[in-house]
Every structure is written in C-alpha cells, then in structure tokens.
Protein chains: 2
Amino acid sequence: MPLDLDIALDRSSPVPLYHQVASAFERAIREGALPPETKLENEIALAQRYSLSRPTMRQAMDQLVRDGLVVRRRGVGTQVVGPPVRRNLKLSSLYNDLQEEGAEPKTTVLSLENVTADEGICKKLGLSAGTTVQHLLRLRRVDGRPLALMENWIPPEVAELTEEVLEHDGLYNVLRKSGVDFRMAYQTVGAAAADADQAEQLAVEKGSPLVLMERTALDSRGSAVECGRHLYRADRYSFDITLVN
Amino acid sequence: MPLDLDIALDRSSPVPLYHQVASAFERAIREGALPPETKLENEIALAQRYSLSRPTMRQAMDQLVRDGLVVRRRGVGTQVVGPPVRRNLKLSSLYNDLQEEGAEPKTTVLSLENVTADEGICKKLGLSAGTTVQHLLRLRRVDGRPLALMENWIPPEVAELTEEVLEHDGLYNVLRKSGVDFRMAYQTVGAAAADADQAEQLAVEKGSPLVLMERTALDSRGSAVECGRHLYRADRYSFDITLVN
DNA sequence: AACAGGCTAATGTCATGACAAACTGACATA
DNA sequence: TATGTCAGTTTGTCATGACATTAGCCTGTT
C-alpha cells in the first residue's frame, strides 16, 4: 500500500511542485504502475512522503480528479479509476493531437485571403461589422486519406499568416509562435451532411454524415483570436470528453 | 470599480463559502450586472470585502475560470470574458438541460428488458462476460417532435428500473433517486447516418446525419453505473463545451 | 525620442494549522 | 439477528502568512 513512486521533485524548477507531482502520478497511472482500483495513501502521508504541504498535495490530487484519473471519497480515500483512461479534449490543435498519436498529418491550404467578415463571424470575434479578417480553408490528410475540412477566420492584428507556414504546421502552433497565448475556447460539436463540394474534398459520398465542430478561441486578455468551422469524416474522427462533477 | 455585489454569505450553510461566492458572481455575470471586459477587484480586496480568506476567494475565482466566465492574468487582474457566455457541458441528463431551457421533454420507453450484455458493454461497465444487465431504449420528444433516440445499459445492482418511472423523468434523475451519486463520465461525440429504423423513429429521411454520443458514467466509488449510446437529430441538437487551459 | 531600469500591483505558489463532515467498521444493545 | 452508537480515518473547508513571478507604468538616462 505505501507504493512509493520515487518522484524526483525539483524545487528550483519553474514548473510548480503540484504540477510535477500530478504529472508523475498521471504517468504512473497511464503506464499501469498504479492499476485501476488501487487505493492511494492519504493526503497527509503523501505530503509527508514527498516533503510537501498538504495544500500542495491536494492541488495535485485535484488536477488528477479533473483529468478523470482518480476518484476521491471523504472518509474513505483516493482510488485510481477504472480502465477507460482515454485522452481528454484539450485546448490544442487537431495537429498536435494527431502527432501525439504517432500519425503524420499533412495539410493543404485550399485558400487564404482577406475578406470582410460577415455579421456572424464579427459577432463571434467581437469585432465591429465590416472589419477585414483573414479567411483560411485547409484540408487535412492522415495516411494520405482526407480527414478534415477546416475553415477559419483570424483577425489581422493577431498574426499575419502565409500558406508556406501553414502547410508545415498546425494553426495553433503557428499562432502560438506569433505570440498568441490561448487560454480558453468555446466549442460546439454536432453533425451535418456533406454537400457536393465537401464530399469531393473529403472523398465521401454526397450526403454522408460529417462531424461538425465550431469553435471560438480566446487569449489571456479574453479577446477572441480565432474562430473556425471544421468538418470531419464521421468514420475517422470523434471527440473524447471527460466530465467531472 | 469597487462594484459591490452585495453577496449574502451564510457561514452556517452546508454549501461551502467559495461556492456561494462563485455562484453569486456567476449569476451576476450571466445577468449582465458584470458586463464583459469588466475588471474585478483584486483577490485581496475582494476577500476583505466579504470577510473571507484569500485562499477561499481564490477557490471561488478558480471555479469561475474553469467555467469560462473570467480570465486572469498575473500582474494584471481578473476580467469578465466576452459575450459568448454559453452553457457548458455538465454531468447531468439531457432531460434536466431541456427543462432548464424551458422546454417540456416527453419520453417514450420503447423497450425495457434484461439481456446478457455483449463483450463491448461488459468492458465498458467493467463486468465479467455474460452478465445480465437492463437494456433500455427510449425516444425523447420536445414540442411533440422527436429529438433523440437513447439506448442505455444499466447493471441490475445499480437500480431496478420500471417503464412507469422512466416515462415521467430523466434516467439520471431516476438513478439519483435510487441513491446513485454520479461523479464522472467518459463521453465521445461523433456523427452517424440514420438507418431505416432510426430514421422512422426520429422522423427524418434514411441516411440523414445524426449526432452520435456514447457515454460511460461512474459513481463516487469509481465503478460504472451506466453506459449509453444516443442519437440526436443533427438539426435540433449539438453539444456545447468550454475548454480552459 | 527611445531605451533601460526600477517601482507597483496583481496573481501564482507554497507552508502551517485547525476544525467539520462523511464513511467504515467494531461493538454494544434490543 | 438486527439495529443503533461510537471511535477512527480521510477528505473537505477555511484561515493566516510569506515569498515569487509577471505585466505595466513611470522615470531617468542616453
């Protein structure tokens, strides 16, 4: 039951202690060193074991709870949760997610131009009507087969995009390199039927079901930096979400 | 800038102080008393104003951040975020969400029987192969028009379900009343085409796009209490999610 | 006028201490 | 046997204090 994880804590590191602890536990759980149903030591003992204060250890545990890796019960303890330890939806691009899974995403820029944003886009981006924004249309392939058709709108003051750069990296990575620090995103996920154009681009039949995702991303100042409307082949993509009370 | 919210805190209430504070701010933001872009007072001043400690006030603010209502920046302050203050995905039933929106959901139980669970269901519920579970198929209507076709599997030891009860309330409410306390859920959202049966039930054409949601719900002990596969009319439903870094 | 430096303000991190509330299990009692 | 009670364990909540880190502004210098 002691289950010493031999965590190497670095107090001089810029990454906070609670994050170091949480990451170590997360890795241990995902790798199976802490199998499902395992009961962890109590907070106080854990804090002492790693020479931390109880609030710091709690903060680490809270993160594990929010990530859906453990469950806690007052008076009982903390348990590693059952097997379905899937990946949770993160505020990153599709590109990064695919790379983490070992795939090799390839992007084709179908169109990149400045347009005057319509009312809907302006509202989502918090701009006054008639503003000019960059309109981006891309097709993403994995293993040579099309996966997603992605349409995005980016205000010019956020970053100046070029086809060249976008062909070799995900939009979020490109924007991050331009100094954007994403903080939040509103997302809606639904479904739609492929029209003739979309069907051709995604190599499916017209009318096929597609996963429809619309998103508005905000930076740390709370202002919108990007909004998009993405269509995914339903047979090749879906969104994973972990909900916690 | 002081922006006193006149929050009535009840220290003898069983609901924690940080939750009382967070709820009050959330209501104020949603009702427009704190419009977007508003800069809140700093934590220390807020804590003093309501006679709380700083950690408690921070806990309240953290909740607002996770709910996507405010953004914080070190060295700067806390700001109410832009207008798209939508509802976030919660661990509750469709039924409750619809009721909150003022709709009148009606449920028809199409089938309720005990079946031996197949391999996939057993794995999701963490049961050994060949176990008997309750299989439930329901159709949900709003305004008389079909919205969702819901298929669920529930282990018998969780609760004994009856058609009678399920026709008048959502599954989650029914289970909660049986003593289940939901803590977590894994969810995947995608799309699928309606087959002949589904099309008829949902009053759409065969092949129409549907939103496909699969979910496994866990209780506070980390064991699965329910798993389900739901199909929604794409023109009438989608999932809203708020992501935070 | 432009840049460097330092000051201020605000959130982020961490420690210590205390009490409350809930679950478990053992024990006593009817 | 069944039920109620009590003690022990563990997480939940709250308070106080301190220092670190970052952003933004002001100021002084070049």
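Since the model is a prediction, treat every value here as computed from it, not as a measurement.
For A/R138 and A/E163, the salt-bridge test fails: no basic side-chain N is under 4.0 Å from an acidic carboxylate O. Salt bridge A/E119/A/K123: absent, no basic N to carboxylate O contact under 4.0 Å.
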* Run the side chain to side chain donor-acceptor pair (under 3.5 Å) check on B/D240 and A/T188 step by step: do they pass? -> CA-CA 4 Å; B/D240 287 358; A/T188 83; 4.7 Å; no

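Atom CD of A/E37 has 12 or fewer neighbouring heavy atoms from other residues, nucleotides or ligands inside a 6.0 Å radius.
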* Nucleic acid footprint by protein, nucleotides 9-17 of chain C - heavy-atom cut-off 4.0 Å, B for base, S for sugar-phosphate alone -> BBBBBSBB-

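Between B/F25 and the options B/V80, B/L46, B/L69, B/T78, a side-chain contact (heavy atoms from CB on, under 4.5 Å) holds for only B/L46.
Rounded to a whole Å, the CD atom of B/Q79 is 11 Å from the P atom of D/dG24.
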